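In what follows, a single structure is set out as structure tokens and then discussed.
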Amino acid sequence: MPHVMLPGGSREEIQVGSTLAQLAKHSLGKQAKAAVAAWMDGELRDLSCPIEGDCTIRFVTIAEPEGLDLFRHSSAHLMAEAVISLFPNAKPTIGPVVEEGFYYDFDHPPFTEEDLERIEKRMRQIVSEGRPMRRIELSRAEALEQFKDNPYKLEMIREMPEGETITAYIQGEGFTDLCRGPHVPDLACIRAFKLLKVAGAYWRGDSSKQMLQRIYGISFKNPKELKAYLAALEEAKQRDHRKLGRELDLFSFHEEGQGFPFWHDKGTIIYDELSAYIRQECRRRGYIECRTPMILSRDLWHRSGHWDHYADAMYFVDIDEKPYAIKPMNCPGGLLVYKTRLHSYRDLPIRQSELGLVHRNELSGVLHGLFRVRAFTQDDAHVFCTRQQLTDEVVKLIEFCIDVYRTFGFPDPEIKLSTKPEDHIGSDDVWELATQALHEGLQRLELDYKVDEGEGAFYGPKIDFDILDSLRRRWQCGTIQVDFSMPERFDLTYEASDGRPHRPVMLHRAILGSLERFIGILIEHTGGKLPLWISPEQARLIPISERHHSYASQVRAELETGGIRAAVDMRDETLGKRIRAAQLEKANYILVVGDKEVESHSVNVRTRDNKVHGAYPVPDLLAQLQEEIRTRKLSV
RNA sequence: GCCGAUGUAGCUCAGCUGGUAGAGCAGCUCAUUCGUAAUGAGCAGGUCAACGGUUCGAGUCCGUUCAUCGGCUCCA
């Protein structure tokens, strides 16, 4: 009889051919129901899988990532059955799990919202009937026969390597789908799900191939979690920066400039504060700043190599019948600045920053608020250093990034190091040196990071930073890239102690990435309640009645003199209404002034969290706000 | 760029099967001068995205264009 090793070191002896489900019942008792699959000697298996010999087993529940993925993958199959039963002509293609839920692509005319509801209803019916999932193994010939009516499945079967076991799952007694599995033992356990949207998607993501209809859904083990998820979606909708941007009068978009943001007064304040912050941080760290032209000769883009890789995304213009291009990146301009004089090794490292406005011709369909635009400002910088300085510079850059993210209340970022891709330039030893410097930089700071083998740029390895916002969404912002290409192409040199020219190492880096996009992220992260230092309206004065207008104006002037952005609401409206308006417009401090305040030269303070803090002498409040700004405090 | 949906007042939206546009909020005026999230009354505001077609008649039906929104790596 086989021996089974279970977690915690317990051993069981069981009958040959017993299934994992039987084992679960036996060893887990009541908890067996929570198991959706099991690791058998390190491989994920269906619970219906028989145990043939000694092995190590660990049961999987949907509390862990693999279990949840499998559960959602089964959900996709549940949806597929529902779709096929309602639309027998639809041809199922693939139905994988994605980061948030699952989808299934069908070859079928577009589905409507009503179709979605019908499908969901049918899914509920299927769940209530129950569908044991049965795994079957097929020979290639059987598989080709079984799926002969579905060209997509046939294509997949034909692509499978010779000799691989082809499997399919039968749901109950009917719907059968080609699938590697594993799956939950019975679809009946999928109790909470929602179909979220329909969209067109290409077969295999290739725009030259057939357009399919994709249905996205999400599933959970209980309705409570589903409800929480839908609430989070609703919250995200409320925080949509496009909505808040309009409501808070920050920016707008116009037909006259598709994908080009128009910054209003308040948005400009945010933009300027953000720029000033980055400038200040750069200067503190020994950066010099430059500013290079927006339009540069097309020859330059040929020389930089951008033409070959980037021409599709560039805008062009002719001047005096000579060809020019609008810059999609700042580096070539920055390199020309570097080359204006000879550099000694004593000058290095040179850290040259540029808040550079770049234009890129993104496909019209991918434009999205401030997140995806056609013109944006990068907080760019190029570091020129010697090979010996590389690791130190990398450490400084990583620290810089993390420091900036903390300032905005983003916890430690997720970090990814990408190494040499197949298609690359530069010698192996130089790649080795640079990659090692990136590893060492991260290790010296004792940071956790992931390695993406072969995902680096063709011109060098890189580190990317993903920040997580308050809704736990991930945003790629910072990047540190080593570049072996540009110094060669532009013949960059510095004079070393041996009196001869040497090639410097070049690093590109951005921390925020795009100021526009970062502002969008910040708006959604904070729900529009920006920290004091970057907030467009830091204080709003509300005089109780007309006779307090002049006092309110006087306090406003005092605050403005002290560097605070303040406004007075002198409208002939009730106090309550004006307070409500100030709250909705997200002024950080709402300062009510009436007879009492006039008399004591104070203001009555209310904050955005709906707290009334009572009277504060004006000089005290001013000092407090100044301190809050100076320290860039994360405010309520 | 491709697929689908949407486009009515500054904003959010109503307008059934074609008969000539309506509400709330915001704005303006007047009254009110108020102590912590919506005072009341009145006024004004629209080539119904644009263009073309069908019709006696189009916000409504058809076509084209434009813009916006949701998607278009996740490999059974």
Side-chain angles (χ1 to χ4, degrees), chain A residues 69 73 76-77 80 92-105 109-113 115 138 143 147 150 152-160 164-169 176-181 183 196-216 237 240 242-243 246-247 249 252-259 312 361-369 542-549 570-585 590-597 604-608 610-615:
Chain A
D69 274 10
H73 185 193
H77 282 251
T93 66
I94 60 165
V97 172
V98 285
E99 221 171 287
E100 292 232 328
F102 58 88
Y103 69 75
Y104 211 118
D105 285 347
F111 297 105
T112 64
E113 292 293 320
D115 291 340
L138 301 167
F147 295 101
N150 187 323
Y152 304 95
K153 300 286 181 189
L154 291 179
E155 187 179 323
M156 289 187 278
I157 293 165
R158 291 204 179 96
E159 280 175 12
M160 287 177 201
E164 188 172 297
T165 316
I166 298 174
T167 58
Y169 281 77
T176 304
D177 198 4
L178 184 71
C179 186
R180 181 165 37 203
H183 279 288
L196 298 168
K197 53 201 169 196
V198 264
Y202 302 104
W203 171 235
R204 312 218 136 161
D206 181 341
S207 58
S208 69
K209 298 209 162 108
Q210 175 72 33
M211 170 75 68
L212 306 170
Q213 293 307 313
R214 173 169 300 180
I215 304 178
Y216 283 92
K237 214 165 138 193
D240 190 315
R242 292 166 298 184
K243 175 174 138 78
R246 185 172 52 236
E247 288 173 2
D249 197 13
S252 56
F253 286 92
H254 302 270
E255 283 192 24
E256 290 82 351
Q258 208 192 346
D312 284 351
N361 187 13
E362 303 284 353
L363 292 179
S364 64
V366 305
L367 300 176
H368 181 101
I542 302 185
I544 285 181
S545 76
E546 222 170 303
R547 66 177 180 280
H548 310 114
H549 281 188
M570 297 204 234
R571 287 178 307 161
D572 178 18
E573 293 289 356
T574 56
L575 182 65
K577 184 162 182 171
R578 285 176 295 154
I579 284 173
R580 179 180 146 82
Q583 288 275 25
L584 292 175
E585 286 160 40
I590 299 169
L591 309 174
V592 176
V593 294
D595 291 337
K596 282 183 261 175
E597 288 74 21
N604 207 296
V605 177
R606 182 188 174 108
T607 44
R608 294 182 302 200
N610 274 333
K611 286 208 180 88
V612 179
H613 301 263

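Here is how names work: the chains are called A, B, and so on, in the same order as the sequence lines, proteins then strands, and each is numbered from 1. Predicted, not measured: the structure shown is a model, and the values here were computed from it.
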For a quick check of understanding: with a heavy-atom distance under 4.0 Å over all strands, which category does [X] fall into, base, sugar-phosphate or nothing?
X: A:Arg606; answer: base
X: A:Asp206; answer: nothing
X: A:Met156; answer: sugar-phosphate
X: A:Glu597; answer: base
X: A:Ile94; answer: sugar-phosphate

If the P atom of B:rC61 is compared with that of B:rU73, how far apart are they to the nearest Å?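 It comes out at 34 Å once rounded to the nearest Å.
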
Taking the same atom, P, in B:rU65 and in B:rG59, what whole-Å distance lies between them?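 Their P atoms lie roughly 22 Å apart.
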
Assess whether one donor atom and one acceptor atom, taken from the side chain of A:Tyr202 and the base of B:rC2, lie less than 3.5 Å apart.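 Yes.
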
Suppose we call a contact any N or O donor and acceptor under 3.5 Å apart; does that hold for the side chain of A:Glu573 and the base of B:rG40?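 Checked by distance alone, the answer is no.
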
Does a nitrogen or oxygen in the side chain of [X] sit under 4.0 Å from OP1 or OP2 of [N]?
X: A:Gln258; N: B:rU68; value: yes
X: A:Thr574; N: B:rC34; value: no
X: A:Lys197; N: B:rG70; value: no

Interface polar pairs with nucleotides 10-12 of chain B, N/O, under 3.5 angstrom:
from: B:rU12; atom 1: OP1; to: A:Arg246; atom 2: NH2; distance (Å): 3.1

Just wondering, more than 12 heavy atoms not from A:Glu164 lying within 6.0 Å of its CD?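 Yes, enclosed.
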
Could you check whether A:Arg204 pairs with A:Asp206 (Lys NZ or Arg NE/NH1/NH2 to Asp/Glu carboxylate O, under 4.0 Å)?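 No salt bridge links A:Arg204 with A:Asp206.
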
Validate the cation-pi geometry between A:Lys197 and A:Tyr216: distance from NZ or CZ to the six-membered ring centre under 6.0 Å, angle to the ring axis within 45°.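 Yes, A:Lys197 sits over the ring of A:Tyr216.
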
